[in-house]
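Down below is the structure, laid out as structure tokens.
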2 protein chains.
Amino acid sequence: MPIYLRGLALLSQQGLGSVSSSKLADFVSVNPWQIRKDFSYFGGFGTRGVGYDIENLSKQIKKILKLDAVRNTALVGVGNLGLAVLAYPGFRTYGFCITAAFDNDPAKIGRTINNITIEDVSRLDTLGKYEVDLAIIAVPEQAAQQVADALVKAGIKGILNFSPRRIAVPKKVKVITIDIATDLARLPYYIPSS
Amino acid sequence: MPIYLRGLALLSQQGLGSVSSSKLADFVSVNPWQIRKDFSYFGGFGTRGVGYDIENLSKQIKKILKLDAVRNTALVGVGNLGLAVLAYPGFRTYGFCITAAFDNDPAKIGRTINNITIEDVSRLDTLGKYEVDLAIIAVPEQAAQQVADALVKAGIKGILNFSPRRIAVPKKVKVITIDIATDLARLPYYIPSS
DNA sequence: CTATGTGAATTTATTCACAGCA
DNA sequence: TGCTGTGAATAAATTCACATAG
């Protein structure tokens, strides 16, 4: 579902008002009937003979994905990956706002990047004041678990984890793990050995 | 499958010689029967009553995923994300080696990071000499398509794409796209609205 | 006439349960 | 006895085809 949102955002930028399942389909590389099934599962947002109203559809999907309000997000680990996260413009599409950043490097603590002042990672307990419920972990894998523990204690509800280590959390906390290397590892399988 | 490899690598580091499907299972958070099905699909590598020989199993999986030889990989875009990729130790597990890096920023071209000298992105056509068939795209989304075109022309067979834009390539080229924001966007759905 | 929405058919994946080998 | 390997059962996802609404 999230990829539809991005597609719709692009179509909206192009000034279009409505779109058919097949047009959206080759925009996001998914079959038209797949798209229709997905939308119909949540109730059907289109008008027959015409297509889907982009603005309205976006709004509906955002509601479904609970992206209809700004989501404050904390970043832990301001290394290269963390900096990339801070600089990444793509979060805006989904209403995410990086509100706080933490690191354990004294040289970084106190510096301000993109209007965000980096705080000491030991002060993760102060997260409550930001009204954040999401966090991004971009620390070396050895530190990932203890950061996760601190985040859970601070009341975070969802974690995007960039470390390849499996992270143990209470099951009420949702974790999505992205491991760059694991994803890259899927490529060679599809490549003919020449 | 790739995640099993990482789990096995960790278990191997711990000095273990063999592992049962259920032990590996809670190591990678997958059910034991799922693991057994997956392995049996490729022929079954274990011994009954004992489990799987870690060393041998790793070797077999690497062969299946075509990770049994070093895979040279090119990096395009040496911004924060690119630097994170260069510094990331996790690629070693899978036998990946970042062999070349490209950027369009004159201030970066010529600099050497991690033994890799950054080259001008316009020289992507020289890729042939590196014997690379994989590439990582870590450039702003506006530039992603033209970089992809150049990579295809240079003979790349697989691309790991960090830009959120859909990339058009000949269908013999495999693309895996990672969009950080899209992944993050999946989290709120699972979070109770309190 | 166009493009959605949806039941039915098909394919694929997951889960189970247990026979069979060390 | 312990753990794999696999057929059978179940569930889920995909694909199709078409009635239906604008």
With P32(B) via side chain to side chain contact (heavy atoms under 4.5 Å, CB included) - residues at least two apart |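 Partners of P32(B) under the side chain to side chain contact (heavy atoms under 4.5 Å, CB included) test: S21(B), S22(B), A25(B), R36(B).
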Linked hydrophobic residues, [X] as query - side chain contacts closer than 4.5 Å:
{"X": "I109(A)", "value": "none"}
{"X": "W33(A)", "value": "none"}
{"X": "V173(B)", "value": "V76(B), F102(B), V121(B), L124(B), L127(B), Y130(B), V132(B), I137(B), V139(B), V147(B), L151(B), V152(B), I156(B), I159(B), I167(B), V169(B), V175(B)"}

D179(A) bridged to R6(B) by N-O distance under 4.0 Å =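 Here D179(A) pairs with R6(B) in a salt bridge, since their nearest N and O are under 4.0 Å apart.
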Salt-bridged, D26(A) to K23(A), with N to O below 4.0 Å?
->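 Answer for the salt bridge query: no.
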Is L134(A) linked to V70(A) within one hydrophobic cluster, defined over Ile, Leu, Val, Met, Phe, Trp and Tyr using a side-chain heavy-atom separation of less than 4.5 Å?
->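 Hydrophobic grouping puts L134(A) apart from V70(A).
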Taking only residues two or more places apart in sequence, or in another chain, which ones meet T93(A) in a side-chain hydrogen bond (donor to acceptor under 3.5 Å, both in side chains)?
->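 Not a single residue meets the side-chain hydrogen bond (donor to acceptor under 3.5 Å, both in side chains) criterion with T93(A).
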Give a yes/no answer on whether the side chain of S21(B) brings an N or O atom under 4.0 Å of OP1 or OP2 in dT4(D).
->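 It does, given that an N or O in the side chain of S21(B) lies less than 4.0 Å from OP1 or OP2 of dT4(D).
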Going by heavy atoms closer than 4.0 Å, what residues in residues 24-33 of chain A are next to DNA chain C?
->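 DNA chain C contact set from residues 24-33 of chain A: none.
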What pair of heavy atoms forms the shortest contact from V19(A) to L24(A), and how long is it?
->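 Closest approach of V19(A) to L24(A): CG2-N, 3.7 Å.
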Nearest heavy-atom neighbours spanning Y4(A) and F39(A) =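 Scanning both residues completely, I find the closest heavy atoms to be CD1-CE2, 3.6 Å.
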To the nearest angstrom, how far is Q34(A) atom CD from dT12(C) atom C1'?
->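 Roughly 13 Å, once rounded to whole Å.
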Can a donor-acceptor pair be found between the side chains of S18(A) and D53(A) at a distance below 3.5 Å?
->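 On atom types as modelled, these side chains do not qualify, holding no pair under 3.5 Å.
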What residue pairs, at least two apart or across chains, pass ring-ring contact (aromatic ring centres under 6.0 Å, His included) with a residue in residues 61-100 of chain B?
->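 Sorted pair list: Y88(B)-F91(B).
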Bend across the helix from dC1(C)-dG22(D) to dA22(C)-dT1(D), to 10°, with axes taken over 5 pairs at each end?
->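 What I find for the helix from dC1(C)-dG22(D) to dA22(C)-dT1(D) is an axis angle of 10°.
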Of [range], the positions that come close to DNA chain D - non-hydrogen atoms, cut-off under 4.0 Å:
{"range": "residues 58-68 of chain B", "result": "none"}
{"range": "residues 35-45 of chain A", "result": "R36(A), K37(A)"}
{"range": "residues 2-18 of chain B", "result": "none"}

Side chains of I178(A) and I178(B): does their closest heavy-atom pair fall under 4.5 Å?
->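 Yes, close enough: below the 4.5 Å cut-off.
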Check the pair S12(A) / E55(A) against side chain to side chain contact (heavy atoms under 4.5 Å, CB included), numbers first and verdict last.
-> CA-CA 7 Å; S12(A) 176; E55(A) 221 51 56; 3.6 Å; yes
Kindly give the atom pairs (protein nitrogen or oxygen, nucleotide nitrogen or oxygen) under 3.5 Å for nucleotides 19-22 of chain C.
{"from": "dG20(C)", "atom 1": "N3", "to": "R48(B)", "atom 2": "NH1", "distance (Å)": "3.3"}

What does S22(B) touch in the nucleic acid at a heavy-atom separation under 4.0 angstrom: a base, only the sugar-phosphate, or nothing?
->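 The answer is nothing, as S22(B) stays clear of every strand by at least 4.0 Å.
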NZ on K59(A) to CG on D68(A), rounded to 0.5 Å |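 D68(A) CG to K59(A) NZ: 10.5 Å, rounded to 0.5 Å.
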